[in-house]
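Below: one structure, written as structure tokens.
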Number of protein chains: 2
Amino acid sequence: MEGKPKKILIADDEPDILEIISYNLSREGFEVYTAKDGNEAIERAKQLHPDLIILDIMMPRKTGVEVCEILRSQPMFQDTLIIFLTAMSDEASQIKGLETGADDYVNKPISPKVLVSRVHALFRRVNNNETGKTLKLGNIQIDPVKFMVSIDGQEIVLAKKEFELLYLLASRPGRVFLRNEILSQIWGNDVIVGDRTIDVHIRKVRQKLGVDCITTVKGVGYKFDI
Amino acid sequence: MEGKPKKILIADDEPDILEIISYNLSREGFEVYTAKDGNEAIERAKQLHPDLIILDIMMPRKTGVEVCEILRSQPMFQDTLIIFLTAMSDEASQIKGLETGADDYVNKPISPKVLVSRVHALFRRVNNNETGKTLKLGNIQIDPVKFMVSIDGQEIVLAKKEFELLYLLASRPGRVFLRNEILSQIWGNDVIVGDRTIDVHIRKVRQKLGVDCITTVKGVGYKFDI
DNA sequence: ATTTTGTGTAAACATTAGGTTAACATGGAA
DNA sequence: TTCCATGTTAACCTAATGTTTACACAAAAT
């Protein structure tokens, strides 16, 4: 199964670097966005919820380290991967960076090939998610192979999108999925649908299941709970 | 750090390096084992099931890359973390290494400090999938993934802003956050809200938690304390 | 080809929880 | 006292979500 393209945000004040990295990463099938300083990085991160953020350390209007700290202090960026770029092989700041919560560290001058493979390595590890297993949660069974949901043995027919939605949420019970996440996982990043579309599907699932197992976290997203 | 100590296996043919790394990692509380060539590395890996394996690329009786490939082909080593050490900043082998399934890559000459922080960063990343980012402070648990707070197992529902506020304060217990800091972290720099807004949210959190864990530092800000 | 059925999306509207404000209360320090 | 910073409360307003209906489109059935 082809996953949806990952979103990557790159922040650097040097346009050349921005372009080289963008080019190489989009060629790999990533969806690349850019920012040219710290504040813009934060702003765009909040809109986009990228899967990975590549931060130059030395940037105007907030350094990469500062940006990282600010984002990491917010719950919704706990899962976001962060890679630092730095001109100096300055050991101290390298350590500082990693302790701040970065996931990797790449020295300039940047080799596009190396960067690309590090990015892949990061995603490979994170992506090792469960796939295609039958979920059993309380009295609810969700079988992605048979494309079937049953409650207490009673079968329920869901439409494709409804099923995908339920399966996504149920794959990590309790975990809150942001609307953005849901969109990019189920619809893909490039597809544009209206704001109410998710709600409508959520409603249908709730209605069909009868059981109240999807909780709304207002301003954030939805989660599966029993 | 809680939980059982992590097991780390180090494979290198230079005794000096082995010793330096072992020393530094065991000082950090890791359980360290060593191997002096590729075959020994595989053997010990099978006995020990380490959480992390640090492999020198250039080793007699199977290179690090070969060891990595062999281990990765077995299901039980799918999740094991692997770091490569290399003498050269040889780009080609670096890429090869990462594509082979390594999780990180460190160049020689090795700085113990850098290695140690990379190791920590790796574990943090992996641990994060479950509980790493959950804050546990006394009897209070704050789980940003589930967007949920519980005291003595009793779940408490917070609104978004309330949760963000609590999470921010609790992320650095004892540290005082200035009102300005709080504003810029949670509301953003451009948003303007009245003076009382923070107080009101603080109040709601205090009220909902029941426990008195947010202290006012008059004229300065707020801090989380138990 | 035509009809039927089901799905996904949009648009319009209803509803509510969350966030903010404003007005007033308190309490400590100078 | 008089200030000033923060606490408290309740009313208000809005953004976010819920709900319903309608329609386009495709697949299946006729």
Next item on the list: Measure from CZ on B:Phe147 to P on D:dA16 and round the result to the nearest Å.
Entry: 14 Å
Note to self: Just the rounded figure in Å: distance from C1' of D:dA26 to NZ of A:Lys161.
What the structure shows: 13 Å
Check: Which distance, rounded to the nearest 0.5 Å, do you find between the CD1 of A:Ile156 and the CD1 of A:Ile140?
Finding: 8.0 Å
Margin query: Please determine whether a side-chain nitrogen of the Lys or Arg among B:Arg118 and B:Asp103 lies less than 4.0 Å from a carboxylate oxygen of the Asp or Glu.
Written below: no
Margin query: Between B:Arg206 and B:Asp199, is the salt bridge (charged side-chain N to carboxylate O under 4.0 Å, His left out) condition met? List the steps.
Written below: CA-CA 10 Å; B:Arg206 281 174 171 156; B:Asp199 310 350; over 6 Å; no
Item checked: Aromatic ring pairing A:His49/A:Phe77, orientation class (parallel under 30°, perpendicular over 60°, tilted between) -> parallel
Notebook entry, point to check: Between A:Arg72 and A:Thr80, is there a donor-acceptor pair closer than 3.5 Å when you use the side chain of the first and the backbone of the second?
Noted result: yes
Item checked: With sequence neighbours excluded, residues passing side-chain hydrogen bond (donor to acceptor under 3.5 Å, both in side chains) with A:Lys161 -> none
Notebook entry, point to check: What is the 5' to 3' range of DNA chain C, first to last nucleotide, that sits under 4.0 Å from any heavy atom of chain B?
Noted result: C:dG18 to C:dG27
Notebook entry, point to check: Which pairs, with at least one residue in residues 13-35 of chain A and sequence neighbours excluded, count as a salt bridge (Lys or Arg N to Asp or Glu O under 4.0 Å)?
Noted result: A:Glu14-A:Lys108
Margin query: Within residues 217-226 of chain A, which residues have any heavy atom lying less than 4.0 Å from an atom of DNA chain C?
Written below: A:Lys218
Check: Does anything in residues 194-210 of chain A reach DNA chain D, meaning a heavy atom under 4.0 Å, and if so which residues?
Finding: A:Arg196, A:Asp199, A:Val200, A:Arg203, A:Arg206
Check: So, does A:Asp37 use its side chain to make a donor-acceptor pair with the main chain of A:Met59 at under 3.5 Å?
Finding: no
Check: Are any side-chain N or O atoms of B:Asn189 and backbone N or O atoms of B:Ser184, one a donor and one an acceptor, separated by less than 3.5 Å?
Finding: no
Margin query: Check this one for me: any side-chain N or O of B:Thr216 less than 4.0 Å away from OP1 or OP2 of D:dA5?
Written below: no
Check: Are side-chain heavy atoms of A:Gln207 and A:Glu162 found at a separation under 4.5 Å?
Finding: no
Next item on the list: Identify, residue by residue, the members of residues 170-183 of chain B with a heavy atom below 4.0 Å from DNA chain C, and return them in order of residue number, or none.
Entry: none
Note to self: Salt bridge or not between A:Asp56 and A:Lys36? Use side-chain N to carboxylate O under 4.0 Å.
What the structure shows: no
Margin query: Test your reading of the model: is there a side-chain donor-acceptor pair from A:Glu66 to the backbone of A:Thr63, 3.5 Å cut-off?
Written below: yes
Margin query: Any salt bridge linking B:Lys146 with B:Glu155? Criterion: basic side-chain nitrogen under 4.0 Å from a carboxylate oxygen.
Written below: no
